[in-house]
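The next block holds one structure in the form of structure tokens; read it before the comments.
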Amino acid sequence: MRKPLIAANWKMYKTPAQAAEYVQTFLPLVAGHNRDEIVLCPSDTSLSTVIPAVAGSNIAVGGQNMHFADEGAYTGETSPVMLKAIGATHVIIGHSERRQYFNETDETVNKKLITALKHTIVPIVCIGEVLAEREAGQTDDVLRRQVSLALAGIKPEEAQPIVIAYEPVWAIGTGKTATPEIAAEAHLTIRSEIARILGREVADGIRILYGGSVKPENASSLLNQPEIDGALVGGASLDPQSFAKIVKY
Ligand code: PGA
């Protein structure tokens, strides 16, 4: 019922030339693969290389961040209008690295989510607890708070495109993966919070991805959990062979 979505978050890696080379290798590896939605999120400087390179294929392209305003005096930022104009269809919002290093807050996440929906860009909204919160038994509270603040003001009838990525911060880039059971439990909490806010029917249709050290070796055990509707992959998405293996878990 929920089509899995597997997204590559390349972070601040790859020049346009390296991105083009990647796509050339990756396309044939996943040709005809329609079980899952596949999304590549390169840095902004490679978007206009990657988007035409995947045109007509089963691969979509997204940004890693965007501003919540359509335009304005915001030096260094990219707007949803700009992403849309070059053919990006998805955007990652609220990644923990943006929360940690670039002052992203639950409030800006909410504004960006509202703007993405307005421009029909699929938002991939990242949430997740840090290690100290998990150890203090606060994971459920943190996840419920992040979900409810992200969804503030969103109406049930407009929520369907939203994708949530559960990324426990302690698992990102650390090689530590949440066990499938830990991830599934967090996903249940997230879905129940979505249901509380937007209703059960809407919640059952929203995809919740897992992210944090997903690799070819652990992809199938995570993705075969019924509560896990896909993956947001950082490090292991940088190599086309490795990302293709994850896509075909
Ligand atoms: P990782 O990153 O796969 O390298 O842990 C995931 C992410 O940050 O989205």
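Since we're looking at a predicted model, the values are computed, not measured. Just so you know, residue 1 is the first one in the sequence shown, and it goes up from there. In listed order, ligands and their atoms are each counted from 1.
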Worksheet entry | Minimum heavy-atom distance between Gly94 and Val109, given as atom pair plus value | CA-CG2, 3.6 Å
Worksheet, complete the sentence: With heavy atoms and a 4.0 Å threshold, my read on which part of Ile172 contacts ligand 1 is both
Worksheet entry | Side-chain heavy-atom pair Val147, Ile194 within 4.5 angstrom cut-off | yes
Discussion item. Tell me whether Glu157 at atom CD has more than 12 heavy atoms from other residues, nucleotides or ligands lying less than 6.0 Å away.
Written reply: yes
Worksheet, complete the sentence: In terms of its nearest heavy atom to atom 6 (C) of ligand 1, the top option of Gly211, Cys126, Gly234 is Gly234
Practice prompt. Indicate, as side chain, backbone, both or neither, the part of Ser96 found under 4.0 angstrom from ligand 1 when only non-hydrogen atoms are considered.
Written response: neither
Worksheet item: Are more than 12 heavy atoms from other residues, nucleotides or ligands located less than 6.0 Å from atom NZ of Lys245?
Response: no
Discussion item. Check for me whether Ser213 has a heavy atom closer than 4.0 Å to any atom of ligand 1.
Written reply: yes
Worksheet entry | Per-atom contacts of ligand 1 with Glu167, taking only distances under 4.0 Å to non-hydrogen atoms | 6 (C), 7 (C), 8 (O), 9 (O)
Worksheet, complete the sentence: Near Gly212 (heavy-atom distance under 4.0 Å), the atoms of ligand 1 are 5 (O)
Worksheet item: Between Arg144 and Glu193, is there a side-chain N and carboxylate O pair less than 4.0 Å apart?
Response: yes
Worksheet entry | Ligand-side contact atoms (ligand 1) for residue partner Ala171, heavy atom cut-off under 4.0 Å | 5 (O)
Worksheet item: Do the side chains of Thr15 and Ser46 get nearer than 4.5 Å, heavy atoms only?
Response: no
Item to complete: Assess whether atom CD of Gln138 is packed by more than 12 heavy atoms of other residues, nucleotides or ligands within 6.0 Å.
Response: yes
Worksheet entry | Numbering as shown, the atoms of ligand 1 that approach Gly173 to under 4.0 Å (heavy-atom distance) | 1 (P), 4 (O), 5 (O)
Item to complete: Number the atoms of ligand 1 from 1 as they appear, then name those within less than 4.0 Å of a heavy atom of His95, with their elements.
Response: 7 (C), 8 (O), 9 (O)
Worksheet, complete the sentence: atom 2 (O) of ligand 1 sits nearest the protein heavy atom Lys11 NZ, 3.3 Å
Item to complete: Salt-bridge test for Arg200 and Asp204: reply yes if a basic N is under 4.0 Å from a carboxylate O, no otherwise.
Response: yes
Item to complete: Could you tell me whether ligand 1 has any atom less than 4.0 Å away from a heavy atom of Lys215?
Response: no
Worksheet item: Identify the closest protein heavy atom to atom 4 (O) of ligand 1: which residue and atom is it, and at what distance?
Response: Gly235 N, 2.8 Å
